[in-house]
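Structure first, then comments.
When reading the values below, keep in mind they use all heavy atoms of this one structure, side chains included, and skip hydrogens, waters and symmetry mates. Keep in mind that this is a model prediction, so the values were computed, not measured. Atoms within each ligand, like the ligands themselves, are counted from 1 in listed order.
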Amino acid sequence: MAVTIKELSYQYPDGTTGLHSISVKMARGKRTAILGINGSGKSTLLYHLNGTFLPQKGEIIVLDEPVTKNNLENVRKKVGFLFDYPDHQLFATTVARDVAFGPRNYRFSEEEATKAAETAMTKVGIMELKEKPPYQLSLGQKKRTAIAGVLAMNPDLIVCDEPFSGLDTYAEEQFKSVLDEWINEGKSLIFSTHDIDMVYGWADEVVIMAEGKILEIGCAEHILNNKELMQRAKLRRPILAEIFEDRTEKPRTTFEALKYIKSGTFDSLKKINSKEEKK
Ligand SMILES: Nc1ncnc2c1ncn2[C@@H]1O[C@H](COP(=O)(O)OP(=O)(O)O)[C@@H](O)[C@H]1O
Ligand SMILES: [Mg+2]
């Protein structure tokens with residue numbers, strides 16, 4: 001398992017409940033989406049996965065490492081964390097120094113750290129920005145710099161809080177393909193989002209959260225088509241699931257849907273429409 005959580009609760013200092021006795025297991029090697037409306041507890045859960053928050057009650061094991069105060073170094077070697085606002089984790093004077101910061105800090109030699117940083121910067125396409133100060137970058141470039149810093153550490157699990165929010169379509173696609181490549185190496189990804197349509201087309205596994213609780217976990221297609229469950233979480237179903245509800249084809253991305261519409265399926269849709277017009 002990538003993550004095993006048993007009866008984890010968390011209360012903020014002002015008394016607000018962040019998590020309410022949640023238990024869940026998340027598999028390795030998958031794109032796991034944590035889906036829920038604002039305030040449902042997604043960030044609070046993610047902060048526990050690398051020990052930013054320690055369990056007040058209950059237990060967490062991430063990649064065989066218990067998340068406890070004394071074991072944080074081992075946890076953070078295996079778990080890379082990407083905050084929702086990249087400004088929270090970029091602070092060096094240049095992009096290259098920022099990306100090399102993690103490896104340098106974790107006792108890589110100077111040479112190894114530079115090499116790890118260059119490989120990661122090449123992977124995410126920011127080599128031409130390497131001498132720039134991070135604060136001068138666009139949001140997409142900042143996010144790519146932050147992910148390069150995470151990749152340079154070569155973790156087994158990447159945890160991302162709302163990784164695609166604020167990105168344009170092109171930057172989102174680029175970011176996804178970096179993560180896809182990484183998943184194809186057998187690593188794991190857990191990310192939070194409220195973008196249902198993106199989850200339908202991209203995630204393998206989905207965890208539905210509401211009011212600090214986990215309502216359900218399962219494969220994306222199955223979970224997102226469960227009307228009653230989605231209603232309970234105050235979420236709508238994916239638009240493509242609605243459009244193709246009565247059809248045998250079940251495209252999960254607009255690209256797939258376009259293929260069906262351009263093929264024979266489109267003719268049968270036209271027939272249905274013209275019949276209805278005659279009525
Ligand atoms: N620093 C904080 N102090 C008090 N309450 C907080 C704090 N951060 C979050 N909360 C509350 O905890 C609950 C869960 O929040 P959060 O995990 O941020 O949700 P999400 O990421 O799904 O939007 C919400 O009710 C939120 O208002
Ligand atoms: Mg959040």
Side-chain angles (χ1 to χ4, degrees), residues 2-26 30-60 62 67 69 75-76 79-90 139-140 142-143 146-147 149-150 157-167 171-172 175-176 179 188-200 202-203 205-218 220 223-224 226 229-238:
V3 172
T4 305
I5 295 179
K6 284 185 205 146
E7 295 177 10
L8 177 70
S9 291
Y10 189 85
Q11 204 172 39
Y12 283 96
D14 70 352
T16 311
T17 299
L19 296 174
H20 193 91
S21 191
I22 66 169
S23 297
V24 68
K25 286 184 182 178
M26 300 180 207
K30 301 205 171 184
R31 301 169 192 81
T32 301
I34 316 284
L35 194 61
I37 60 168
N38 287 334
S40 55
K42 304 183 294 294
S43 298
T44 312
L45 169 58
L46 295 185
Y47 290 151
H48 281 87
L49 301 183
N50 80 333
T52 303
F53 289 177
L54 290 167
Q56 292 171 344
K57 264 190 208 162
E59 203 178 290
I60 313 171
V62 180
V67 181
K69 204 173 171 187
V75 170
R76 293 199 178 147
V79 183
F81 197 95
L82 212 59
F83 286 92
D84 45 1
Y85 300 105
D87 290 339
H88 289 174
Q89 64 195 121
L90 303 175
L139 179 68
K142 279 182 185 171
K143 286 216 170 191
I147 185 101
V150 170
L157 165 67
I158 293 186
V159 177
C160 309
D161 201 3
E162 310 256 2
F164 308 115
S165 67
L167 292 187
E172 177 177 327
F175 198 5
K176 275 185 186 161
L179 293 170
S188 317
L189 170 73
I190 298 175
F191 68 103
S192 72
T193 181
H194 45 255
D195 187 342
I196 294 155
D197 298 306
M198 185 270 292
V199 170
Y200 194 52
W202 194 62
E205 197 169 61
V206 183
V207 177
I208 302 283
M209 290 194 75
E211 297 175 353
K213 293 182 196 142
I214 288 181
L215 300 188
E216 195 71 80
I217 176 168
I223 294 279
L224 300 179
N226 183 335
L229 169 67
M230 296 297 275
Q231 246 169 22
R232 259 200 296 147
K234 300 197 175 74
L235 295 167
R236 61 163 175 79
R237 287 169 69 215

> For atom 27 (O) of ligand 1, is some protein heavy-atom partner under 4.0 Å away?
Replying inline: no
>> Under 3.5 Å between any N/O of Gly18 and any N/O of ligand 1: does that happen in this structure?
In response: no
> Below 4.0 Å from any atom of ligand 1, is there a heavy atom belonging to Ser40?
Replying inline: yes
>> Please determine whether the number of non-hydrogen atoms from other residues, nucleotides or ligands lying under 6.0 Å from atom NZ of Lys176 exceeds 12.
In response: yes
> Heavy-atom distance under 4.5 Å between the side chains of Ile196 and Arg237, does that happen here?
Replying inline: no
> Of all the atoms in ligand 1, which lie at a distance below 4.0 Å from a heavy atom belonging to Thr44?
Replying inline: 14 (C), 15 (O), 16 (P), 17 (O)
> Taking atom CE of Met230 and atom CD of Glu216, what is their separation to the nearest 0.5 Å?
Replying inline: 11.5 Å
> Where the closest heavy atom to atom 2 (C) of ligand 1 is concerned, which of Tyr47, Phe53, Tyr12, Tyr10 has it?
Replying inline: Tyr12
>> Looking at Asp197 and Arg236, is there a salt bridge between them, counting it only when a charged N and a carboxylate O are closer than 4.0 Å?
In response: yes
>> Need the ligand 1 atom indices (1-based, order shown) with element for anything under 4.0 Å from a heavy-atom of Ile37.
In response: 22 (O)
> Can you name the nearest heavy-atom pair linking Lys42 to Gly36, along with the distance?
Replying inline: NZ-O, 2.8 Å
> In the protein, what heavy atom is nearest to atom 20 (P) of ligand 1, and what distance, to one decimal place, separates them?
Replying inline: Gly39 N, 3.5 Å
> Heavy-atom contacts under 4.0 Å between Thr16 and ligand 1: side chain, backbone, both, or neither?
Replying inline: side chain
>> Below a 4.0 angstrom heavy-atom separation, can you tell me which part of Leu45, side chain or backbone, both or neither, approaches ligand 1?
In response: neither
> Is the Mg ion (ligand 2) less than 2.8 Å from at least one N/O/S atom of Ser43?
Replying inline: yes
> Do other residues, nucleotides or ligands put more than 12 heavy atoms under 6.0 Å from Gln11 CD?
Replying inline: yes
> Do you know the tightest heavy-atom contact between Leu19 and Leu45?
Replying inline: CD1-CA, 4.0 Å
> Counting both backbone and side chain atoms, is some N or O of Asn38 under 3.5 Å from an N or O of ligand 1?
Replying inline: no
> Starting from atom 18 (O) of ligand 1, which protein heavy atom do you reach first, and at what distance in Å?
Replying inline: Ser43 CB, 3.9 Å
> When the ring planes of Phe83 and Tyr47 are compared, do they come out parallel, tilted or perpendicular, using 30° and 60° as the limits?
Replying inline: tilted
